[in-house]
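Read the structure below first, then the notes.
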Amino acid sequence: MRLTVLGTAAPYPRPSEPCSGYLLQSDAPDGARATSVWVDAGSGTLAELQRHISLVELDAIWISHRHADHSSDLLVAYYALRFSELRPRHPVPLFGPADLVDRMGVFLGRGSVPQLPRVFDFRAMTDAGRARVGGLELEWTPVQHGDTEAFALGATDAEPSASPATDVRATADAVRRPRLVYSGDSAPCAELEGFAAGADLLLLEAGAASLPEAGAHDAATHHTAEEAGRAASVAGARRLVLTHIANEVGAESALAQASVTFASELAAAHPGAVFEV
Ligand SMILES: [Zn+2]
Ligand SMILES: [Zn+2]
């Protein structure tokens, strides 16, 4: 399985730095086509995605939450798939929070509402769940992100011999496959730590520059880099990749902070980086 970083910027894009987005691809046996999933569609990531594949080659899109720095390029992806020379063979499966497509319809206008299902095959995420997409097994679980419904993603290469109807749990027990976990945006929470247990690569946001002030009324929304390191340690992750790092902190300082609480392999994501899992 391969993760290509399309963008990481928070909370707005900068030149050569799109917002959050990744291309997740399965291993493919010789001659076979890899399964490709666009994970988060932050502004600027649709353009970066096309360095690697065409939109019509996507097998699915997965959106962690509806904040614009993770989802806004879905709007122009709709234009591309509906009005351009691109001709998708079938609607692209789109996994996202339950209200995602309704909100897109509000933004795009009433005329788009009956057209959206011709472009996206929407699969609403309301609780923990899982799905097989081609050569990938995806699973997700709710995580804490202020007052916004948000999900973390887990992914493994699928068992080659497993049919979609095969019980996933049974095959996962039979062969341990490297697992990637992506936090989406998340405050430190037991849900994420449990979900990320034993991850081979934990892609974890570090969007908070500092701890919330004591007595703050708003629910926590992000990890500091130090908290990200601690969460990865609690989860027993083998590798930690920091992403969506607070702009005022920067990658170098974030890595130094995370190394205080996480002693294993540590890196920072940047556009164009590729991580093999
Ligand atoms: Zn964000
Ligand atoms: Zn967010």
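Quick caveat, the model's predicted, so the values are computed rather than measured. Keep in mind that the numbers below use all heavy atoms, side chains included, and drop hydrogens, waters and symmetry copies. Counting starts at 1 for both ligands and their atoms, following the listed order.
For the pair R33 and D59, the salt-bridge criterion is met [side-chain N within less than 4.0 Å of a carboxylate O]. Ion pair R66/E149 not flagged as a salt bridge, since none of the NZ, NE, NH1 or NH2 atoms sits closer than 4.0 Å to an Asp/Glu carboxylate oxygen.
The Zn ion (ligand 2) has an N, O or S atom of D185 under 2.8 Å away, backbone or side chain. Coordination check, H222 versus the Zn ion (ligand 2): failed, since every N/O/S atom of the residue sits at 2.8 Å or beyond.
Considering CG of L86 and CG of L55, their distance stands at 6.0 Å, rounded to 0.5 Å. Rounding to the nearest 0.5 Å gives a distance of 6.0 Å between OG1 of T8 and OH of Y22.
For D69, the N, O or S atom with the smallest separation from the Zn ion (ligand 1) is OD2. The Zn ion (ligand 2) is closest to atom ND1 of H67 (considering only N, O or S atoms).
Angle NE2(H70) to the Zn ion (ligand 1) to NE2(H244): 90° [nearest 10 degrees].
Applying the side-chain hydrogen bond (donor to acceptor under 3.5 Å, both in side chains) test between E205 and each of H244, H145, H223 identifies H223 as the sole match.
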